[in-house]
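Worksheet for the structure shown next.
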Amino acid sequence: MITIKKYAAIDIGSNAMRLLVTNIVEQDDCAPQFNKSSLVRVPIRLGQDAFTVGEITEENIDRMVDAMKAFKLLMKVHKVEKYQACATSAMREAYNGKEVVEIIRKKADIKIDIIDGKKEAAIIAASDLTQFINSDKAYLYVDVGGGSTEFSLFFEGKIIASKSFKNGTVRLLNNMVSDIVWQEIEKWIKTNTEPFENITLIGSGGNINKLFKLSEKNQDKPLSYMYVQSQYQKLNSMTYEQRIADLGLNPDRADVIIPATRIYLNAMKWSGARHIYVPKIGLSDGIVKAMYYGKI
């Protein structure tokens, strides 16, 4: 007996908003399969508002309402039976974040939960990492967003440490990350990875996915530290326009990809990792799984 459920996740990030529709295939005596049906990404950079002026602007509130109305219609067309919408650091820090949530509930009929960094890290870690994690090895999972970066250390298949830092691509673009924050991240990574000899990184987020795509590697193969370093230098040597024209990057990806790569490189350097695996997972995947297993 096979049954198919349709769940959706809305991820309201600091750089973009995403709607993920997933088919969950249930079969007798088998683990459920989570198959991506549709992914829509809207480039509304809320972090530019929240981190610089402290509030979501009227223009972006209108754009969010329009996007949410569109997401609502798409979920209806897909016959989604259950959804969850989660907002991260930009909405956490905007002083009118709760007001925006209420406007969207009234105008678009979508309920949004503003989640803290710890819950964000836990939801992301709920994504299916089993194909990348060997039970006897240590992994540092790094999810780089626009407003924050979540780190989770796995050993023997379990999370043994997890922390969210206010260091993300939109913040870095606006020179809003102090040396102290970088030092805190370095200290946390070195302290938590020190007991383990061989650490492997697992990276998630749109920027590392794009870097991986540019490498043309098979999904089960990792990127080396040397490759990521050379890509960082290459991206830095190109103009914003060249990154769009020559590499085919979206305009809202072509600027943030450089600070994102810097975060991954530092995480590799401070943990001593020589390789980074890039599964195609993120907060929206974690939301779907957390919903299915009754964790949110």
Side-chain angles (χ1 to χ4, degrees), residues 1-13 17-41 68 71-72 74-76 78-89 91-92 101 110-145 148-164 202-206 209 219-220 277-296:
M1 175 81 176
I2 297 175
T3 56
I4 298 172
K5 291 179 175 176
K6 282 218 170 190
Y7 282 14
I10 297 172
D11 167 12
I12 301 160
M17 291 163 45
R18 294 173 183 81
L19 167 70
L20 171 69
V21 178
T22 300
N23 294 326
I24 304 168
V25 182
E26 297 175 322
Q27 200 169 352
D28 296 341
D29 303 324
C30 292
Q33 284 181 27
F34 295 83
N35 300 328
K36 208 170 277 189
S37 174
S38 171
L39 179 64
V40 179
R41 180 179 180 277
M68 288 299 162
F71 286 178
K72 184 86 177 175
L74 283 168
M75 289 193 290
K76 183 182 175 185
H78 278 282
K79 295 186 177 177
V80 166
E81 57 194 87
K82 197 174 180 183
Y83 82 90
Q84 182 92 20
C86 293
T88 56
S89 58
M91 291 280 279
R92 278 199 292 268
V101 166
I110 284 186
K111 181 181 175 290
I112 296 169
D113 289 324
I114 299 177
I115 59 172
D116 61 28
K118 194 170 183 182
K119 187 166 185 181
E120 185 178 352
I123 290 172
I124 294 164
S127 305
D128 187 15
L129 297 171
T130 50
Q131 59 178 317
F132 294 92
I133 289 180
N134 292 332
S135 58
D136 59 340
K137 290 185 179 177
Y139 297 85
L140 180 62
Y141 183 77
V142 184
D143 181 74
V144 175
S148 63
T149 296
E150 278 64 49
F151 297 91
S152 297
L153 185 66
F154 286 82
F155 182 61
E156 294 183 340
K158 295 184 180 72
I159 297 179
I160 58 169
S162 185
K163 195 162 173 67
S164 175
I202 298 175
S204 72
N209 283 337
Q219 200 66 45
D220 60 341
Y277 283 93
V278 188
K280 282 187 176 177
I281 54 170
L283 181 64
S284 43
D285 302 86
I287 292 169
V288 168
K289 291 193 173 69
M291 264 195 298
Y292 182 77
Y293 292 112
K295 291 181 179 177
I296 55 171

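Computed from a predicted model, the values in this text were never measured in an experiment. As a basis for the values below, the full set of heavy atoms in this structure was taken, side chains included, without hydrogen atoms, waters or symmetry mates.
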Using every non-hydrogen atom in the two residues, find where [X] and [Y] come nearest and quote the distance to one decimal.
{"X": "K289", "Y": "F34", "value": "CE-CD1, 3.8 Å"}
{"X": "Q219", "Y": "V278", "value": "NE2-O, 2.5 Å"}
{"X": "V40", "Y": "L74", "value": "CG2-CD1, 3.9 Å"}
{"X": "M75", "Y": "A8", "value": "SD-CB, 3.6 Å"}
{"X": "I114", "Y": "R92", "value": "CG2-CG, 3.6 Å"}
{"X": "Y141", "Y": "I281", "value": "OH-CD1, 3.6 Å"}

**Message:** Is there a salt bridge (Lys or Arg N to Asp or Glu O under 4.0 Å) between E26 and K5? Walk through the geometry before answering.
**Reply:** CA-CA 8 Å; E26 297 175 322; K5 291 179 175 176; 3.5 Å; yes
**Request:** Assess whether atom NZ of K6 is packed by more than 12 heavy atoms of other residues, nucleotides or ligands within 6.0 Å.
**Result:**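 Counting neighbours around NZ of K6, more than 12 heavy atoms of other residues, nucleotides or ligands fall under 6.0 Å, so yes.
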**Residues, nucleotides or ligands: over 12 heavy atoms within 6.0 Å of K118 NZ** =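 Atom NZ in K118 is not crowded, with 12 or fewer foreign heavy atoms closer than 6.0 Å.
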Would you check if [X] and [Y] make a side-chain contact, meaning some heavy-atom pair closer than 4.5 Å?
{"X": "K36", "Y": "D285", "result": "yes"}
{"X": "I10", "Y": "I112", "result": "no"}
{"X": "T88", "Y": "S148", "result": "no"}

Measuring from atom [atom1] of [X] to atom [atom2] of [Y], what distance do you get when rounded to the nearest 0.5 angstrom?
{"X": "S162", "Y": "F154", "atom1": "OG", "atom2": "CZ", "value": "8.0 Å"}
{"X": "I115", "Y": "M91", "atom1": "CD1", "atom2": "CE", "value": "11.5 Å"}
{"X": "T22", "Y": "K82", "atom1": "OG1", "atom2": "NZ", "value": "13.5 Å"}
{"X": "E120", "Y": "S89", "atom1": "CD", "atom2": "OG", "value": "6.5 Å"}
{"X": "D28", "Y": "T3", "atom1": "CG", "atom2": "OG1", "value": "8.5 Å"}
{"X": "Q27", "Y": "M1", "atom1": "CD", "atom2": "CE", "value": "11.0 Å"}

**Message:** Less than 3.5 Å apart, any donor N or O on the side chain of E150 or S152 sitting next to an acceptor on the other?
**Reply:** no
**Message:** Strictly distance-based, threshold 3.5 Å: is any side-chain N or O of D11 a donor or acceptor partner for the main-chain N or O of R18?
**Reply:**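 No; zero donor-acceptor contacts below 3.5 Å.
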**Item:** Test side-chain contact (heavy atoms from CB on, under 4.5 Å) applied to Y83 and L19, step by step
**Value:** CA-CA 10 Å; Y83 82 90; L19 167 70; over 6 Å; no
**Request:** Could you point out which residue of D143, I123, I12 forms a side chain to side chain contact (heavy atoms under 4.5 Å, CB included) with L283?
**Result:**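 That would be I123.
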**Message:** The test is side-chain contact (heavy atoms from CB on, under 4.5 Å); show your working for K280 and L39 and say whether it passes.
**Reply:** CA-CA 12 Å; K280 282 187 176 177; L39 179 64; over 6 Å; no
**Item:** Candidate pair V21 and V80, rule side-chain contact (heavy atoms from CB on, under 4.5 Å), full reasoning
**Value:** CA-CA 8 Å; V21 178; V80 166; 3.9 Å; yes
